[in-house]
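Structure first, then comments.
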Amino acid sequence: MTPHWIIAAVIVACWRLGTVATHVQLLVVGGTGNLAEKYIWPALNELQQRHTMAVWAAGTDTPADAAPRLASIVPDSLSISYAQLARAEDYEALSRRPEWTIDSTAGLIVYLAIPPKFFAQTCDWVHTHLRSAMRPWLRVVVEKPFGHDLPSARTLARALEAQFDGSELFLIDHYLGKPSVRGLQAFLGANAHWWAATDIAIHMRETESCAGRTGYFEGVGIVRDVMANHLTVVLGQYRSYSEHANVSLTTTTTAAAAVFRRAEGSVVVSAGKAFASRSTTIAVLLGSCRVDITIQAGPAEQISVHVCADHAANVVLPPGWAWTSATHLAPIRGPVDGAYKFLLDQVLRGDRRYFMGVDEILQAWTMWTPVLRHADATAHHALVQYGDGTADDAFLRRPVQIP
């Protein structure tokens, strides 16, 4: 017979690893929006097989107005409650609702699926009215972008850090949850013993334009939307952007490239929208050896790594990887969670390894500030105009040095 202490130890170990179903109250602020519709509700619908959750949606609409929208975007198999949250009094009223307080001893997750300008105020209301000493923990999920520039990011950081400690904040970037990016982390972790990069080039291309998103994109641009969050000056704009934005002239950049010089070598980063094909590639120079990493090629998100023959013997295969040729390796294909499902699962488990910290966000903004200033000061006539759906990205491969 197995000793009771062994069974108890296994249960504790499983709990620490997050493999035991958790009882959680989860509030999605902005639950009637596009982000919730496209990513959050489908992910939570699948995750209810792993976790015991009392799920709430919140919006500024009245329950009567919100009901048709929620009925059209929330899967039938996912049961949710709704709360109208537009003012401090609404949060206070929610905290007293019987159907809310019945789960007041469960851990609470608040997901901010709202525009960034509402982050600070909403966090203040959550801290003041929804935090409870009865709960074992509170976790707040903050979407990108975290601020508009370095000063605004610092202001937001001060506001959030005054109300929540580091273990309570989950700064989410869905890119870090992509299976291919998780594969990159696994490869780099397994091969840190020989990885000493000198020069790095990261190139990201998207086929989608900004049509239908210019209301957001006009105040952001490619640097804030992609590079300051996913990656780190040549500036471009595809020709029909002004038509999509319904303006005669705009300096918003839809493509950009920058190079950062350092003692060990250089880092080149470029990103652009409305190109012929979708891809994310990384080229790394390790002395005389070049390593090419593909994160995405076309619609498929699947990491693959090509190393030079001289370094092939040094490579350690991460778990689940295999050699496909003498110099090429990749993960063995199998079912994996999508980005939002994976990241929400980590939030539910309390695992912060795939989320950025406030200090890391501020370091990124510090690094990107010269690029942003250059982009914000660039006149329309100085932008490289490129055709919608072009395959020619040569202008992004010749970035100028940042002074």
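The neighbour count for D76 CG, taken as heavy atoms of other residues, nucleotides or ligands under 6.0 Å away, does not exceed 12. For CD1 of I102, the number of neighbouring non-hydrogen atoms (other residues, nucleotides, ligands) closer than 6.0 Å is 12 at most. Residue-environment remark: CZ (R97) exceeds the threshold of 12 foreign heavy atoms within 6.0 Å.
In this structure, the side chain of E360 engages the main chain of G357 through a donor-acceptor pair within 3.5 Å. Although no hydrogens or angles enter the test, the distance criterion places a donor-acceptor pair under 3.5 Å between the side chain of W41 and the main chain of G31. Between the side chain of Q296 and the backbone N or O of G298 there is at least one donor-acceptor pair closer than 3.5 Å. Side-chain atoms of T254 never come within 3.5 Å of backbone atoms of K273 as a donor-acceptor pair (strictly under, hydrogens ignored). Judged purely by atom type and a 3.5 angstrom limit, S304 has no side-chain atom pairing as donor or acceptor with the backbone of A330. With hydrogens and angles disregarded, no donor-acceptor distance shorter than 3.5 Å links the side chain of Q121 to the backbone of F118. No donor-acceptor pair closer than 3.5 Å links the side chain of Q237 to the backbone N or O of T253. For the pair R154 (side chain) and L362 (backbone), a donor-acceptor distance under 3.5 Å is absent. Side-chain atoms of T62 come within 3.5 Å of backbone N or O of D65 as a donor-acceptor pair. Looking at Y82, its side chain does come within 3.5 Å of a backbone N or O of G59 through a donor-acceptor pair.
In this pair, F187 and W321 present their aromatic rings parallel. The plane angle is below 30°, not in the 30 to 60° band. Under the 30°/60° scheme for interplanar angles, the aromatic rings of Y340 and H174 are found to lie parallel. Aromatic ring orientation, W56 versus W100: perpendicular (interplanar angle above 60°, classes split at 30° and 60°). Aromatic ring orientation, H311 versus W194: parallel (interplanar angle below 30°, classes split at 30° and 60°). Ring-plane geometry between Y386 and F275 is classed as parallel, the angle between the planes falling under 30 degrees on a 0 to 90 degree scale with a further cut at 60.
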* Full working for side chain to side chain contact (heavy atoms under 4.5 Å, CB included) between H374 and L235 -> CA-CA 9 Å; H374 184 87; L235 303 172; 3.8 Å; yes
* To do: Take R135 and Q25 through the side-chain hydrogen bond (donor to acceptor under 3.5 Å, both in side chains) test and state the conclusion after the steps.
  => CA-CA 10 Å; R135 296 187 183 277; Q25 199 169 12; 2.6 Å; yes
* Asked: Going through the distances and angles, do T281 and D292 end up as a side chain to side chain contact (heavy atoms under 4.5 Å, CB included)?
  -> CA-CA 7 Å; T281 60; D292 288 292; over 6 Å; no
* To do: Starting from the C-alpha separation in whole Å, work towards a yes-or-no answer on side chain to side chain contact (heavy atoms under 4.5 Å, CB included) for V268 and H203.
  => CA-CA 8 Å; V268 178; H203 301 293; 4.3 Å; yes
* Test side chain to side chain contact (heavy atoms under 4.5 Å, CB included) applied to W323 and V315, step by step -> CA-CA 10 Å; W323 288 101; V315 172; 3.7 Å; yes
* I would like to know whether D90 and Q84 meet side-chain hydrogen bond (donor to acceptor under 3.5 Å, both in side chains); could you show each step before the answer? => CA-CA 7 Å; D90 297 329; Q84 182 181 7; 5.6 Å; no
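Atom-to-atom distance recorded for T324:OG1 and H306:NE2 is 9.0 Å, nearest 0.5 angstrom. The line from NZ of K178 to CG of L184 is 13.5 Å long, rounded to the nearest 0.5 Å. Remark: L47 CG to D345 CG distance equals 5.0 Å, nearest 0.5 Å. Taken to the nearest 0.5 Å, the CD1 atom of I293 stands 11.5 Å off from the OG atom of S180. Atom CZ of F170 is separated from atom CG of D351 by 8.0 Å, given to the nearest 0.5 angstrom. Here the straight-line distance linking atom CG of L150 with atom CD1 of I361 works out to 11.5 Å at 0.5 Å rounding.
For the pair T280 and Y175, the minimum side-chain heavy-atom distance is below 4.5 Å. Between V24 and H51 there is no side-chain heavy-atom pair separated by less than 4.5 Å. The shortest side-chain heavy-atom distance between V305 and V291 falls under the 4.5 Å cut-off. Within the 4.5 Å cutoff, no side-chain heavy atoms of D149 are placed close to those of T369. In this structure the side chain of M356 never reaches within 4.5 angstrom of the side chain of Q363, judged on heavy atoms. Counting heavy atoms from C-beta outward, L160 and V358 have side chains that stay 4.5 Å or more apart. A heavy-atom distance below 4.5 Å is not found between the side chains of C123 and L156. Residues V347 and F355 are in side-chain contact: their nearest non-hydrogen atoms beyond the backbone lie under 4.5 Å apart.
Residues passing the salt bridge (Lys or Arg N to Asp or Glu O under 4.0 Å) test with D199: none are found, sequence neighbours excluded.
One side chain, D165 or S167, offers a donor N or O that lies under 3.5 Å from an acceptor on the other.
At a threshold of 4.0 Å, the pair D61-R69 does not count as salt-bridged, since none of the basic side-chain nitrogens sits closer than that to a carboxylate oxygen. Looking at R182 and D337, no side-chain N of the basic residue comes within less than 4.0 Å of a carboxylate O on the acidic one, giving no salt bridge.
Under the side-chain contact (heavy atoms from CB on, under 4.5 Å) rule, F119 has a single partner from V29, D124, V140, V142, which is V142. The salt bridge (charged side-chain N to carboxylate O under 4.0 Å, His left out) test with E168 is passed by exactly one of R139, R352, R131: R131.
Taking all atoms of both residues into account, the shortest heavy-atom contact from A197 to V284 is CB-CG1, 3.5 Å. Counting all heavy atoms, side chain and backbone alike, A257 lies closest to S270 at CB-CB, 3.6 Å.
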